[in-house]
Amino acid sequence: MSRRKKNGKREVVWRGVSVAEGAAAGRVLRVHGGAREQVFRATLGAQEARREVRRFRAAVRLARRQLRSLKRRAEQRLGAEHAYIFEAHLLMLEDRKLLDEIEEYILSEHSNAEWAVKVAGDRLLSIYAEIKDDYLRERSSDVEDVLGRLLVALGGGEAEPRGLTEDAILVADELLPSAAAELDFTHVRAIASDAGGWTSHTAIIARALGIPAVVGLRELYRQARTGDEITVDGLSGEVILHPSRETVARVQAEARRSRPRAAEAAGDEGSAAHAPLRTADGVEIVLRANVELPAEFGGVARYGARGVGLYRTEFLFSQRDGRLPTEEEQFDAYSRVAALAGEDGAKVRLFDLGGDKPGANLQEAERNPALGLRAIRYCLSREEVLRTQARAVLRAAARGRLDLLLPMISDVKDVRRARRIVEEERERLVAEGQEAGPVRIGAMIEVPAAVLVADKLAREVDFFNLGTNDLVQYLLAVDRSNDSVADWFRSLHPAVLQSIERALSAARAAGIPSLVCGEMAAAPAYATVLVGLGARDLSMTPAAIPRVRRVLAEVEAGFAESVARECLECATADDAEEVVRVRLGGRWPQLFPPKSLPAPKSGGYNSEEVEHASPTAP
């Protein structure tokens, strides 16, 4: 029930996406994420416009100096592996296409530099706003950050580093990398942000620092004020503004419990975290890592992942401002991933590029890019893209175990054609005297058509990867990035569960391995259901592995199967979620927030309202 504090304020509860485990209680420090200031247009004469170009060039030089300084600061505070963020920003400030476009606008429109930056930036951000891919969409924050820095530099300013109090909990609309680098994180206890996801900079920074973080909180930033009391629970995804004394005590107790759990999870190679995982009745479960960003690589060994179940290669593309990486650049990246994965290997997904991705060099934008020329369709229509990537993977496979994964498969014909191209490139490499390692070909099962012909696909490929994020999206016709329809994104919808079971059964009948690599695998309760449906191989963000391991080590596969069977009989997602809550909540109450959470004020969200909207909950 709701409790009123002595100062008359009631607890306000938000539920978001947990991206870094742990818990903390403290006081709000609102941090402006770095969004651009308001800009006005001024009309200049021809001679003034030429001077304005020179002023713009000077601002670019200043912004570069500031970024180099931030890069050094980030290396000291966050580690050298996180400097790539600022390398990407520096590359943007060296992109002649962008800079020439701004200068041309100044000269042709006789505009001030600030307005020209805004026009060019708005055009670029409008492209990112339409992207359906979570990771690439979130990269718009990089563009915002660079444009904001240019505007500050045009004003001759430079942000001052900010110190923090000992119990600071950062609350931001979005914590951009430059803002993070300018902060002293010595006393930061947690981070909470309105925007972000598993691959956002906020999540990367929090996991690197080992502090709890919850993102996707919508209007928390608007309602919170610096100095307000606040608690953050990075396990349940719960954030409470104006917490009662009882709530603070509960969260502080959880913080004390989470510290030894985190230390155990990140133990050395000989710890239990790296031992084979078996359910309570002896069924072996393999936990692998989904990775894309270099910042995530360290978690593969730290959390005991059995290799890499999904390596998303779009980062290589977005790193280069839309330029396709060369064969050598890809070879170097894949060789690094092969070394990282070790004998357990890594599954390298073909570029998921197309009409909804910037830099795809299509003649015109697509009206419905999620259903357009993307993923395997794009790669087959641009064979040079597929051939270059296939060559790089084959060469890297000579140095370590790698598999090649075909995304968005809906037709056996596409598998056959892609396999033929890969084999042709293998023959060319051998003819050139280069090494080409063995590579298995797998299919992503993430569209309804693939589920319906799963038995036929299983005879054409060497393994299945089930991408539950897109599978839910396409089965239920729900854009998983659209908050307006978040209530309809239901991972336990009967159609989703039946589709997963059908795909796993088809793989089993064909005698090929199958792996589930969507966000369902990263939630302990959902992972239990997946095991009950027959999944024995799960892949997730490395930081999620410890909590999934803890639950699956205590559950019997037979019990999980009974839960899954009961869910399959349900008529609605609500019914299935209640089955999971009742059957699992009695054994692991920490997986589920209590139903008696206080009713939130406007802008807050309680667990009953958004529990099913978060792909990582429960």
Side-chain angles (χ1 to χ4, degrees), residues 32-70 85-131 136-159 173-174 176-179 195 317-324 353 355-367 369:
H32 187 50
R36 290 172 289 159
E37 61 190 63
Q38 191 170 8
V39 176
F40 299 94
R41 173 166 185 166
T43 301
L44 310 175
Q47 188 172 354
E48 290 176 310
R50 287 191 291 272
R51 284 199 297 269
E52 192 72 357
V53 168
R54 291 194 292 272
R55 186 171 78 91
F56 170 70
R57 291 174 180 173
V60 171
R61 292 192 294 270
L62 173 59
R64 287 172 184 161
R65 289 197 298 272
Q66 292 174 354
L67 278 172
R68 292 188 187 102
S69 175
L70 283 172
I85 295 173
F86 299 98
E87 291 286 1
H89 289 193
L90 283 166
L91 286 174
M92 286 187 206
L93 286 178
E94 294 170 359
D95 179 9
R96 285 315 314 172
K97 182 179 179 182
L98 174 62
L99 300 181
D100 289 347
E101 180 180 342
I102 294 172
E103 292 182 10
E104 176 61 27
Y105 190 91
I106 294 171
L107 294 172
S108 63
E109 302 296 326
H110 292 186
S111 163
N112 57 317
E114 287 86 352
W115 186 257
V117 169
K118 179 185 184 302
V119 169
D122 287 347
R123 181 195 60 79
L124 193 55
L125 288 169
S126 68
I127 297 174
Y128 277 86
E130 296 178 358
I131 294 174
L136 287 178
R137 186 178 61 255
E138 287 170 354
R139 297 290 67 76
S140 65
S141 63
D142 292 318
V143 179
E144 284 274 12
D145 212 348
V146 170
L147 296 174
R149 183 157 299 282
L150 269 176
L151 292 175
V152 170
L154 281 166
E158 185 166 4
D173 50 355
E174 183 174 11
L176 297 178
S178 63
F317 190 90
S318 59
Q319 253 190 325
R320 291 158 178 80
D321 194 31
R323 177 180 64 80
L324 187 70
L353 303 173
D356 62 339
K357 305 300 189 295
N361 297 321
L362 298 178
Q363 294 302 311
E364 59 183 37
E366 296 183 296
R367 292 188 177 184

Rounded to the nearest 0.5 Å, what's the gap from [atom1] on [X] to [atom2] on [Y]? Could you check?
| X | Y | atom1 | atom2 | answer |
| --- | --- | --- | --- | --- |
| R50 | H110 | CZ | NE2 | 8.0 Å |
| L90 | R65 | CG | CZ | 12.5 Å |
| K118 | L151 | NZ | CG | 10.0 Å |

Heavy-atom pair of closest approach, residues [X] and [Y]:
| X | Y | answer |
| --- | --- | --- |
| I106 | A116 | CG1-CB, 3.6 Å |
| S111 | L44 | O-CD1, 3.5 Å |
| I102 | A120 | CG1-CB, 3.7 Å |
| A153 | A59 | CB-O, 3.4 Å |
| F56 | L154 | CA-CD2, 4.0 Å |
| L147 | G121 | CD1-CA, 3.3 Å |

Given side chains that start at C-beta, do those of [X] and [Y] come closer than 4.5 Å, heavy atoms only?
| X | Y | result |
| --- | --- | --- |
| R96 | L99 | yes |
| E52 | E114 | yes |
| R57 | V53 | yes |

* To do: For E104, check side chain to side chain contact (heavy atoms under 4.5 Å, CB included) against everything at least two apart and list the hits.
  => S108
